[in-house]
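The structure appears below as structure tokens.
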Amino acid sequence: MTLELTVGPVAHGGWCVARHDGRVVFVRHALPGERIVAEVTEETTRFLRADAVEILEASPDRVVPPCPYAGPGRCGGCDWQHATLEAQRNLKAAVVAEQLQRLAGITRDVVVEEVPGAKDGLGWRSRVQFAVTPEGALGFRRHRSHDIEVVDACLIAHPEVEAVGAEQVPWGGAAGVEVIASSVGDRAVVVKPKPRRTVTVPPLDAPASILLESGKGRTEPRRGSGMLREQVGDREYRVAGSGFWQVHPGAAETLLDAVLSYAAPEPGEWALDLYCGVGLFTAGLAEGVGRSGAVFGLESEASAVRDARANLRDLPQARVERGRVEEALDRFQIERADLVVVDPPRSGLGRDVVERIATLEASRIVYVSCDPATLARDLSWLADLGYPLTDLRAFDAFPMTHHVECVALLTRE
């Protein structure tokens, strides 16, 4: 079914909103203000989903997508390749502002800042996860589909990822392939085998460690060390090949600077870094509080805890333990803090964690979020508990996609 629509405002998730016969239509590949022909891809009693397949009146912000795999029914990885970079950032800013207003009652002008390292919005993604077809070809899932769009290159992938040439060779027996390039030139390929299948790694165009995924996020090195090095300022971090690290080459330093600017750690303070990963923010906080202070980091992934302890070995005031925040604050008898930094997964903190953090009576909380909806929800709860939003910055750490990174400062009333 096709519909002729006038496109309204942007919505969270890479959609724009239109209406047809009283029902909301969430449209991809469109821009606000356009008149389009849309092909319906999903129908429910409350709304429709659709793709813009013909542009009748184009927005001045529309451009030809640089990637040949972007567009209706094609690769689902990028949402906004049909918009200028300035327009993309304005759309993301509008989404953050709308979520804050609707979910937290906060009215705020939002600006999405450029992150250095991807001036044209391409060539930034340093960790790329490929799906594998039954024939062993690499590609990406189509939007809201298990179907795979086979590609011979990805334009948002970092040049050092593309140097491996993973898309040019067959991966028989593999269920997934991830190619990683670090900021100091290390490369790794993480292979997830199909159940009861053996993967023969094909010849690659550039040297890379080879890791085999063994389940539950664990990897076993088959060639090379299985560790990657990342550099932020003067400090080097080690990250297990399968571990979390910001995928944009400029994001780690940008976010660290934003967090420390808001946190403003002082010598002698007691800081918490929750969901601390391999210790990026922990190290910055530890340097700020000095030997007379202390930083306690919590992380649920065992490999990340091992990496964090290695990364922080020169900072005796920093301690990292493994545990879920929901239970570990009680288990380690954490009753107070001067400041708290949180960087939760996309699902956010949740009410229980919000309420527990509020009991710490910290003077300031810095909240790093990759999802404006869960951020706004949690900010609403924190405000009710005496921690209103003081300031917020947003960063375009994922150009061409709908994703946006936010850093929020909350100060105790």
Notebook entry, point to check: Less than 4.5 Å apart, any side-chain heavy atom of Arg125 and any of His158?
Noted result: no
Check: What is the distance from atom CH2 of Trp270 to atom CD1 of Ile334, rounded to the nearest 0.5 Å?
Finding: 4.5 Å
Item checked: Distance in Å, Leu285 CG paired with Phe296 CZ, rounded so as to fall on 0.5 Å steps -> 14.0 Å
Notebook entry, point to check: Val368 and Phe281: side chain to side chain contact (heavy atoms under 4.5 Å, CB included), yes or no, with the steps?
Noted result: CA-CA 11 Å; Val368 183; Phe281 302 143; 4.0 Å; yes
Margin query: side chain to side chain contact (heavy atoms under 4.5 Å, CB included) for Arg223 and Ser209? Distances and angles first, verdict last.
Written below: CA-CA 5 Å; Arg223 185 172 77 206; Ser209 297; 5.9 Å; no
Check: Which atom pair, heavy atoms only, marks the closest approach of Ile36 to Ala52?
Finding: CD1-CB, 3.7 Å
Notebook entry, point to check: Just wondering, are more than 12 heavy atoms of other shown residues or ligands nearer than 6.0 Å to CZ in Arg324?
Noted result: no
Item checked: Atom of Leu122, atom of Leu155 and distance for their closest heavy-atom approach -> CB-O, 3.4 Å
Checklist line | Distance in Å, Tyr262 OH paired with Leu339 CG, rounded so as to fall on 0.5 Å steps | finding: 15.0 Å
Check: Are His12 and Asp371 side-chain neighbours, meaning at least one heavy-atom pair lies under 4.5 Å?
Finding: yes
Notebook entry, point to check: Just by distance, do the side chain of Arg235 and the backbone of Val232 share a donor-acceptor pair under 3.5 Å?
Noted result: no
Next item on the list: Verify the ring-centre separation between Trp171 and Phe130: is it less than 6.0 angstrom?
Entry: no
Checklist line | Side-chain donor-acceptor pair present, Thr41, Asp51, cut-off under 3.5 Å | finding: no
Note to self: For the residue pair Ser183 / Glu230, report whether a side-chain donor-acceptor contact shorter than 3.5 Å exists.
What the structure shows: yes
Notebook entry, point to check: Any side-chain heavy atom of Arg23 within less than 4.5 Å of one from Phe47?
Noted result: no
Notebook entry, point to check: Nearest 0.5 Å, what's the CH2-CG distance between Trp245 and Asp307?
Noted result: 10.5 Å
Notebook entry, point to check: Side chain of Gln88, backbone of Ala83: donor and acceptor closer than 3.5 Å?
Noted result: yes
Next item on the list: Could you tell me the separation between the NE2 atom of His29 and the CD atom of Glu34, rounded to the nearest 0.5 Å?
Entry: 12.5 Å
Notebook entry, point to check: Glu269 side chain to Asp338 main-chain N or O, any donor-acceptor pair under 3.5 Å?
Noted result: no
Item checked: Non-hydrogen side-chain atoms of Val189 and Leu204 separated by less than 4.5 Å -> yes
Check: Any sub-3.5 Å donor-acceptor pair from Thr390's side-chain atoms to Leu410's backbone N or O?
Finding: no
Item checked: Close side-chain approach of Val407 to Val259, heavy-atom, < 4.5 Å -> yes
Note to self: Over 60° means perpendicular and under 30° means parallel, so tell me whether Trp124 and His248 are parallel, tilted or perpendicular.
What the structure shows: parallel
Notebook entry, point to check: Taking the side chain from Ser182 and the backbone from Arg229, do they hold a donor-acceptor pair closer than 3.5 Å?
Noted result: yes
Check: Is the side chain of Thr374 donor-acceptor paired with the backbone N or O of Arg346 at a distance under 3.5 Å, no angle test?
Finding: yes
Notebook entry, point to check: Between the main-chain N or O of Arg141 and the side-chain N or O of His146, is there a donor-acceptor pair closer than 3.5 Å?
Noted result: no
Notebook entry, point to check: Can any side-chain N or O of Arg364 pair as donor or acceptor with the backbone N or O of Ala264 at less than 3.5 Å?
Noted result: yes
Note to self: Show, in sequence, the C-alpha distance, side-chain angles and deciding distance for Arg49 and Arg144, and conclude whether the side chain to side chain contact (heavy atoms under 4.5 Å, CB included) test is met.
What the structure shows: CA-CA 11 Å; Arg49 298 187 195 275; Arg144 296 177 65 82; 3.3 Å; yes
Margin query: Within the 4.5 Å heavy-atom criterion, are Leu329 and Leu274 side-chain neighbours or not?
Written below: yes
Notebook entry, point to check: Counting heavy atoms not belonging to Asp109, are there more than 12 under 6.0 Å from its CG?
Noted result: no
Checklist line | Student check: side-chain heavy atoms of Leu211 and Glu220 closer than 4.5 Å | finding: no
Next item on the list: Among Val190, Val179, Ile180, find the residue that satisfies the side-chain contact (heavy atoms from CB on, under 4.5 Å) test when tested with Arg127.
Entry: Ile180
Next item on the list: Assess whether atom NZ of Lys194 is packed by more than 12 heavy atoms of other residues, nucleotides or ligands within 6.0 Å.
Entry: yes
Next item on the list: Identify the two heavy atoms, one from Arg28 and one from Cys78, that lie closest to each other, and give their separation to 0.1 Å.
Entry: NH2-O, 3.6 Å
Next item on the list: Verify whether one side chain among Thr359 and Arg356 offers a donor that lies under 3.5 Å from an acceptor in the other.
Entry: yes
Next item on the list: List the atom of Ala38, the atom of Ala50, and the distance in Å for their closest heavy-atom pair.
Entry: CB-CB, 3.9 Å
Notebook entry, point to check: Yes or no on side chain to side chain contact (heavy atoms under 4.5 Å, CB included) for Leu5 and Val25, after CA distance, side-chain angles and deciding distance?
Noted result: CA-CA 9 Å; Leu5 302 169; Val25 186; 4.0 Å; yes
Checklist line | The single option from Lys92, Arg393, Arg89 passing salt bridge (charged side-chain N to carboxylate O under 4.0 Å, His left out) against Glu113 | finding: Arg393
Notebook entry, point to check: Would you say the side-chain atoms of Asp147 pair up with the backbone N or O of Arg142, donor to acceptor, closer than 3.5 Å?
Noted result: no
Margin query: Between Leu228 and Arg238, is there a side-chain heavy-atom distance shorter than 4.5 Å?
Written below: no
Check: Of the non-hydrogen atoms in Ser347 and Arg377, which two are nearest, and what is the gap between them?
Finding: O-NH2, 3.0 Å
Note to self: Can you tell me how the ring of His143 sits relative to the ring of Trp15, calling it parallel under 30°, perpendicular over 60° and tilted otherwise?
What the structure shows: perpendicular
Next item on the list: Give the intermediate values and the outcome of salt bridge (Lys or Arg N to Asp or Glu O under 4.0 Å) for residues Glu361 and Arg336.
Entry: CA-CA 6 Å; Glu361 299 184 348; Arg336 59 165 295 275; over 6 Å; no
Check: What are the two closest heavy atoms between His82 and Ala30, and how far apart are they?
Finding: NE2-O, 3.1 Å
Item checked: Main-chain N/O of Asp152 paired with Gln168 side-chain donor or acceptor, under 3.5 Å -> yes
Note to self: Within the supplied structure, the quantity of interest is the number of heavy atoms (other residues, nucleotides, ligands) at a distance under 6.0 Å from Glu326 CD; does it exceed 12?
What the structure shows: yes
Checklist line | Nearest-0.5 Å distance that lies between atom CG in Leu255 and atom CG in Asp343 | finding: 8.0 Å
